[in-house]
Amino acid sequence: MTARIDHDALFIDGKWTPPRTDGRTSVVSPLTEQEIGSFPTSTDADVDAAVSSARAALRRDDWAGLTPETRARLVRRFADELEKRAEERATTVTRQNGMPVELARFAEGAAPVQLLRYYADLAESTPLEERRASQPMPGTTIVRREPVGVVAAIAPWNFPAVLSMFKIAPALAAGCTVVLKPSPETTLDSYVLAEAAIAAELPAGVINIVTGGADVGQYLVAHPGVDKVAFTGSTAAGRHIGRVCGELLRPATLELGGKSAALVLDDADVERTVTGLSTASLLNSGQTCYMSTRILVPRSQSRAYVDAITAMASSLPVGDPMDPATFIGPMVSAAQRDRVLSLIDQGRAEGGTITTGGGRVNGVGYFVQPTVFADVDNASTIARQEVFGPVLSVIAYDDVDDAVALANDSEYGLGGTVWTSDEERGIGVARRVETGSFGVNTFNLDWGSPFGGVKASGLGRELGPEGLAAYQQLKSIFLAS
Ligand code: NAD
């Protein structure tokens, strides 16, 4: 029996602060369906305190006034403290959202530490000022990069630690301050982040954490003390935030949903492709935004691929996410499980053929069987809506032009993959797909390269130097000489 995790305070202004009300949110294990912990639910007054602490830190010499080198040293110290707690954070994420623990050890334990170090190095080596010869009048212009200010960072539950860090690491490295609002399903691990911040002696107010659901997020996004919003979550919420930020003329980075395609070319090796698809299409039990869940296969090889994908999906170990052998854990919540099941039912009702899975796993836990739909029509609901669960659609195509057209016939454009024995041919296909990121025989995010979506998958980019630039405001200073 693992101990409950209960917290009584909020992390505001560099210290544990009593919340302004008695309201609490409980966290339920998706494996046992039992409550495993709780935390105070922030009120508007708590958000006000967090934002004003972040604003005050912006003006103080111990943060925004530091040289990039000194700030980078503090960010590295934060990374070191987080590294000491990486196992605790990873397992806390697994207990909350059911992420298979080996994945959590990398994505939620190690990766946030890597990101802090990456951005500390990058900020240190990126000059804050550049001098340009001006035109058409003779003179010089200094182009300066300044911190954008107070960042409202809003994270989803699927990869809570690393997706928060996509925002926190570049923001801190740029000299911004942050108010983080994690998802209510996955807030407990952010207390580990706060403990690392305290141990690293980050100046007060540089990171603050507020808790709660969409209402708290809405209040934070529209707060007059916020300068930029960085959001990862659903397209519906992203549209709402985009509208609010548009009205306020407030910059926003929006990382939203996806319905990406795997384009399997006729020269691909079936076995290697299907093995690759197990992670490119089903990582984190399918609860990953960039999954290639529409699998486009040559019509002449359709039968062979349906059989191989069915065999792969039905052989994936489903079970306790704390067991390192598990590949498919439970869905994060009963609501998410029911959403996935209802989309499967809709696929069935529209005449879809299910070759494996198609229902819940009997017993305790919010499990859904890995499910494959064969001979899917790209116009059907199961091919158009993001399922966010272990559900794949196999769609036959006639030629590569047809495959590219099918891939692009989607509201979304976040990820995608091509599978081929000819890498150059794969790169040619990659150039034609409307998306923000794409993999040839793989899909691995790269801390040094931008990640984000086109169309309904979002606005702006995270990661890489572009991710740092998103937290910097440009100022031009014109000189007569
Ligand atoms: P969600 O949009 O319901 O919630 C995300 C976060 O936003 C939560 O913290 C929530 O409390 C908050 N929130 C919700 N509505 C809000 C509003 N109107 N204003 C401010 N905050 C609000 O999403 P979710 O269910 O937690 O996450 C799953 C979704 O996230 C999927 O659609 C998935 O594709 C997407 N996602 C995208 C990426 C990406 O990088 N593009 C990565 C992971 C997940």
Side-chain angles (χ1 to χ4, degrees), residues 25 30 39 41-42 44 47 93 96-97 99 107-108 111 152-167 179-187 189-190 209-223 226 229-245 247-248 250 252-260 283-293 331-333 335-340 343 385-389 410-416 435-437 443 445 450-463 467 470:
T25 304
F39 55 86
T41 313
S42 300
D44 291 355
V47 177
V93 169
Q96 295 172 104
N97 73 359
M99 178 184 292
E108 303 291 285
I154 301 186
W157 46 259
N158 64 331
F159 285 88
V162 74
L163 292 175
S164 310
M165 201 51 91
F166 277 22
K167 301 155 183 54
V179 178
L180 169 69
K181 193 204 78 66
S183 218
E185 293 84 352
T186 48
T187 294
D189 63 283
S190 69
I209 304 176
V210 296
T211 57
D215 52 336
V216 176
Q218 282 174 29
Y219 185 73
L220 175 62
V221 161
H223 200 288
V226 165
V229 175
F231 170 78
T232 300
S234 61
T235 295
R239 284 188 204 283
H240 184 268
I241 292 170
R243 276 195 296 273
V244 172
C245 289
E247 184 58 35
L248 293 168
R250 182 168 291 173
T253 306
L254 304 173
E255 300 281 5
L256 311 177
K259 189 73 190 178
S260 304
L283 190 78
N284 197 22
S285 319
Q287 299 175 122
T288 309
C289 51
Y290 58 73
M291 294 288 87
S292 293
T293 51
M331 302 292 92
V332 66
S333 60
Q336 178 66 10
R337 176 201 56 199
D338 294 345
R339 205 183 144 266
V340 173
L343 280 163
Q385 283 201 21
E386 181 182 50
V387 179
F388 229 54
S410 170
E411 185 195 351
Y412 297 106
L414 185 60
T435 186
S437 58
F443 191 100
L445 292 190
F451 174 70
V454 300
K455 303 196 276 188
S457 291
L459 283 178
R461 295 290 180 271
E462 297 189 303
L463 302 180

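For ligands, and for the atoms within them, numbers begin at 1 and follow the listed sequence. This is a predicted model, so every value here is computed, not measured.
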message = Less than 3.5 Å apart, any donor N or O on the side chain of T211 or S42 sitting next to an acceptor on the other?
response =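 Looking only at side-chain atoms, S42 and T211 do form a donor-acceptor pair, the distance falling under 3.5 Å.
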query = Any side-chain donor-acceptor pair under 3.5 Å between S183 and E185?
reply =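 Yes, because at least one side-chain N or O of S183 sits under 3.5 Å from a partner of the opposite role on E185.
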task = Please confirm whether G213 comes under 4.0 Å of ligand 1, counting heavy atoms of the residue only.
result =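 Distance cut 4.0 Å: G213 passes for ligand 1.
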Contact with ligand 1 for P182, non-hydrogen, under 4.0 angstrom =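 Yes, that is the case, since the closest heavy atom of the residue is under 4.0 Å from the ligand.
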Rounded distance (nearest 0.5 Å) linking atom [atom1] of [X] with atom [atom2] of [Y]:
| X | Y | atom1 | atom2 | value |
| --- | --- | --- | --- | --- |
| F159 | C289 | CZ | SG | 7.5 Å |
| T232 | L256 | OG1 | CG | 8.0 Å |
| E108 | D189 | CD | CG | 7.0 Å |
| Q336 | M331 | CD | CE | 7.0 Å |
| D44 | Q218 | CG | CD | 11.0 Å |
| K455 | S410 | NZ | OG | 5.5 Å |

Identify the closest protein heavy atom to [atom]: which residue and atom is it, and at what distance?
| atom | answer |
| --- | --- |
| atom 35 (C) of ligand 1 | G233 O, 3.0 Å |
| atom 43 (C) of ligand 1 | N158 ND2, 3.2 Å |
| atom 36 (N) of ligand 1 | C289 CB, 3.6 Å |
| atom 17 (C) of ligand 1 | Q218 CG, 3.6 Å |
| atom 9 (O) of ligand 1 | A155 O, 2.8 Å |
| atom 24 (P) of ligand 1 | W157 NE1, 3.4 Å |
| atom 28 (C) of ligand 1 | F388 CE2, 3.6 Å |

Mind checking whether [X] has an N or O less than 3.5 Å away from an N or O of ligand 1?
| X | value |
| --- | --- |
| T235 | no |
| G217 | no |
| I154 | no |
| K181 | yes |
| E386 | yes |

message = In the structure I gave you, are the side-chain heavy atoms of V216 and V47 within less than 4.5 Å of one another anywhere?
response =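 Yes, their side chains come closer than 4.5 Å.
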message = Could you tell me if the side chain of I154 sits less than 4.5 Å from the side chain of V221, heavy atoms only?
response =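 Side chain of V221 against side chain of I154, heavy atoms only: contact under 4.5 Å found.
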Output the list of atoms in ligand 1 that are nearer than 4.0 Å to some heavy atom of [X], sorted by atom number.
| X | result |
| --- | --- |
| A237 | 2 (O), 14 (C), 15 (N), 16 (C) |
| L163 | 42 (C), 43 (C) |
| S183 | 8 (C), 9 (O), 26 (O) |

Does [X] approach ligand 1 within less than 4.0 angstrom via side chain, backbone, both or neither, non-hydrogen atoms only?
| X | answer |
| --- | --- |
| F231 | side chain |
| H240 | side chain |
| F451 | side chain |

Option of least heavy-atom distance to [atom] (set: [options]):
| atom | options | result |
| --- | --- | --- |
| atom 22 (C) of ligand 1 | A214, A222, S333 | A214 |
| atom 41 (N) of ligand 1 | T211, V216, I241, L256 | L256 |
| atom 2 (O) of ligand 1 | P156, S234, P160 | S234 |

task = Would you verify that at least one protein heavy atom lies under 4.0 Å from atom 26 (O) of ligand 1, or report that none does?
result =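 Protein heavy atoms within 4.0 Å of atom 26 (O) of ligand 1 - there is at least one.
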Distance-minimising heavy-atom pair for [X] and [Y]:
| X | Y | value |
| --- | --- | --- |
| V226 | A152 | CG1-CB, 3.8 Å |
| G258 | L414 | CA-CB, 4.3 Å |
| N158 | M99 | O-CE, 3.1 Å |

request  = For the residue pair F166 and F451, categorise the inter-ring angle as parallel (less than 30°), tilted (30 to 60°) or perpendicular (more than 60°).
outcome  =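 Perpendicular.
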